[in-house]
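Remarks on the structure that follows.
Remember, predicted model here, so these are calculated numbers, not experimental data.
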Amino acid sequence: MAEDAATRVSAGIERAATISARAQYLVALTGAGMSVESGIPPFRGPGGLWTKYGEPPMNGYQRFLADPAQAWRERLSPQGPMRELWETLHAAQPNPGHHALARLESAGILRCLITQNVDNLHRLAGSQAIAEIHGNYMLVRCIECSRRFAGDEIPLEALPPRCPHCQGILKNDSVFFGEPIPTDVLGRCFDAAEQCDCMIVAGTSATVYPAAQFPFDVRQRGGDVIEINPYATELTPIASVSVHGPAAVVLPELAMRIIQLRGM
Ligand code: APR
């Protein structure tokens, strides 16, 4: 990173830490860019899956409901972009950015982590106050009663697998395009976003709703938004601070400064 860019990033981190350290209810919102340094490509922008293969069909959920068995067969032997995504998901490990957010939570500073990522890396890094708004690929969920189960606990001899509780059809917990976001996790997201007076937004293009709405709402209520993204997004014009750097590099420095400023 050229000297002046590095200087700009450090100055941005300092401003972001000052604002975040005085927050009463700090919330983080993360997207695919959070896991780029873990080897998982983003969806949009440079190196994105949709950039490479084109946007997926927007009716994934309707196609699942039309033929759940066939959808499960495709899930168990994925092709093209979904194969690339599943393979990188299985190999990925949390990066220093994930660990930094887990540290802020264990220091009692970060109150909630809303993630659009299904990759389970925040949980692996130790985050517990977490709302996975687009689900978690390691889980399956009943489309009738919404109960979730560990994917490796469910027999797959008969497809589609059935819910042990109500015999409803099970699907991967990842939210498909066109699928309503489960009300339990959506409720947790709205609760956190409504109490939030400062939101750290890392690694998202801020283009998919309702997740993208949260930072705009925080700003509208007079709260602060800290954006961490190597590139400008729809959020950049309204952010209190935009730090143009990779999450795995910026977040550890930001977390350390926030903890120092909190006198911990
Ligand atoms: N650090 C931080 N941000 C990064 C990095 C990085 N190292 N590399 C890329 N980015 C940024 C990109 O500039 C982009 O703005 O991460 C963002 C990734 O944007 P998307 O690929 O659109 O991912 P996301 O915003 O999470 O997408 C939202 O869309 O396809 C659906 O369900 C999927 O949850 C996903 C949702």
Side-chain angles (χ1 to χ4, degrees), residues 1 9 13 16 27-53 55-56 60 75 78 80-106 110 112-139 151 172-177 181 185 189 199-208 211-212 214-215 226-235 242-255:
M1 195 182 288
V9 166
I13 289 171
V27 172
L29 169 67
T30 64
M34 189 73 215
S35 302
V36 162
E37 275 86 17
S38 297
I40 302 176
F43 295 101
R44 301 170 185 83
L49 274 180
W50 305 155
T51 314
K52 186 172 166 186
Y53 293 102
E55 288 273 340
R75 163 71 190 84
M82 292 323 290
R83 180 183 194 87
E84 185 174 326
L85 182 59
W86 290 118
E87 282 172 353
T88 48
L89 285 176
H90 285 291
Q93 289 301 317
N95 65 52
H98 296 100
H99 290 295
L101 291 177
R103 264 199 311 282
L104 281 176
E105 176 187 318
S106 55
L110 185 68
C112 183
L113 166 53
I114 301 171
T115 185
Q116 300 171 88
N117 302 339
V118 300
D119 58 30
N120 197 50
L121 294 182
H122 285 300
R123 285 183 193 237
L124 282 178
S127 291
Q128 293 176 8
I130 184 168
E132 292 164 312
I133 190 169
H134 293 160
N136 182 315
Y137 90 105
M138 300 281 283
L139 305 175
N172 190 273
D173 186 42
S174 308
V175 175
F176 290 4
F177 280 108
I181 291 174
V185 69
C189 293
M199 184 170 276
I200 295 175
V201 183
T204 183
S205 58
T207 50
V208 173
F214 298 142
I226 312 286
E227 180 182 40
I228 298 168
N229 195 319
Y231 307 96
T233 69
E234 326 239 331
L235 218 47
S242 260
V243 185
H244 291 304
V249 171
V250 171
L251 277 171
E253 234 183 284
L254 177 59

Heavy-atom side-chain contact between Val118 and Glu132 under 4.5 Å: no
Arg44 side chain near Val208 side chain, heavy-atom distance below 4.5 Å: yes
Whether Tyr137 and Trp86 hold their rings parallel, tilted or perpendicular, with breakpoints at 30° and 60°: tilted
Where Ser127 and Glu105 come nearest, the two heavy atoms and their spacing: CA-OE1, 3.5 Å
Check: Asp173 side chain, Gly135 main-chain N or O, donor-acceptor pair, under 3.5 Å: no
Atom pair CZ (Arg123) and CE (Met138), whose distance is rounded to the nearest 0.5 Å: 9.5 Å
Gap between atom CG of Leu29 and atom OG1 of Thr115 - 0.5 Å precision: 7.5 Å
Distance-minimising heavy-atom pair for Gly47 and Pro41: O-CB, 3.6 Å
Minimum-distance pair of heavy atoms, taken over all atoms of Met34 and Asn95: O-ND2, 2.9 Å
Any donor-acceptor pair under 3.5 Å from His244 side chain to Ile228 backbone: no
More than 12 heavy atoms of other groups within 6.0 Å of Tyr53 OH: yes
Rounded distance (nearest 0.5 Å) linking atom OG of Ser174 with atom CG of Leu85: 8.5 Å
Test item: Asn117 side-chain N/O and Asp119 main-chain N/O as donor-acceptor pair under 3.5 Å: no
Thr233 and Thr204, any side-chain heavy atoms less than 4.5 Å apart: no
Over all atoms of both residues, closest heavy-atom pair of Leu121 and Gln93: CD2-C, 3.7 Å
Aromatic plane relationship, His98 with His122 - under 30° parallel, 30 to 60° tilted, over 60° perpendicular: perpendicular
Minimal non-hydrogen separation, Phe214 against Ile133, with atom names: CE1-CD1, 3.9 Å
Min side-chain heavy-atom separation Glu87-Pro78 under 4.5 Å: no
Ser38 side-chain N/O to Ile40 backbone N/O, donor-acceptor pair under 3.5 Å: no
Shortest non-hydrogen contact from Gly126 toward Ala102: C-CB, 4.1 Å
From CD (Gln116) to SG (Cys189), nearest 0.5 Å: 9.5 Å
Side chain proximity check, Leu251 to Ile200, heavy atoms < 4.5 angstrom: yes
